[in-house]
S.K.: 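I am attaching a structure below and will ask some questions about it afterwards.
For clarity, every value in this text was computed on a predicted model and none was experimentally measured.
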Amino acid sequence: MPAAIFSIVLENALIFPLFLIGTTSHWFLDYFYHMHDMPVKGFGKDKKVGLSMWKNGTIAFLWS
């Protein structure tokens, strides 16, 4: 895990939780906007997710 390594090397415990929050929130935003093509590893044959919100411009604009 790169964030844990950077946190240890730079001796800053704040790096890991900030990285975790940033990547998790980015993934959830991608989930809403991406087509049903975003792979999630670890489910045998990768499960693909996405709600394709970008197809409806009004909803995508209001959500942003």
Side-chain angles (χ1 to χ4, degrees):
M1 224 173 168
I5 294 169
F6 284 129
S7 186
I8 292 168
V9 170
L10 297 175
E11 297 177 358
N12 187 344
L14 192 58
I15 291 173
F16 182 73
L18 288 177
F19 184 82
L20 186 63
I21 290 167
T23 54
T24 303
S25 65
H26 182 89
W27 191 92
F28 280 110
L29 288 172
D30 277 351
Y31 170 74
F32 287 107
Y33 286 98
H34 267 261
M35 292 176 28
H36 195 74
D37 65 348
M38 198 167 61
V40 179
K41 306 284 185 196
F43 291 96
K45 193 171 188 182
D46 294 338
K47 182 177 183 173
K48 299 202 181 207
V49 297
L51 295 180
S52 301
M53 190 183 289
W54 64 271
K55 287 183 181 179
N56 187 327
T58 304
I59 292 175
F61 177 77
L62 294 173
W63 181 266
S64 298

S.K.: To the nearest 0.5 Å, what is the distance between CD1 (Ile15) and CD1 (Ile8)?
M.R.: 10.5 Å
S.K.: To the nearest 0.5 Å, what is the distance between CG on Leu14 and CZ on Phe19?
M.R.: 13.5 Å
S.K.: Give the cluster check for Tyr31 versus Met53: same hydrophobic cluster or not, with ILVMFWY residues linked at side-chain heavy-atom distances below 4.5 Å.
M.R.: yes
S.K.: Provide the full list of side-chain hydrogen bond (donor to acceptor under 3.5 Å, both in side chains) pairs with a residue in residues 5-15, sequence neighbours left out, each pair given once.
M.R.: none
S.K.: Return each pair, listed once, that meets side-chain hydrogen bond (donor to acceptor under 3.5 Å, both in side chains) where at least one residue sits in residues 17-27; pairs must be two or more places apart or across chains.
M.R.: His26-Asp30
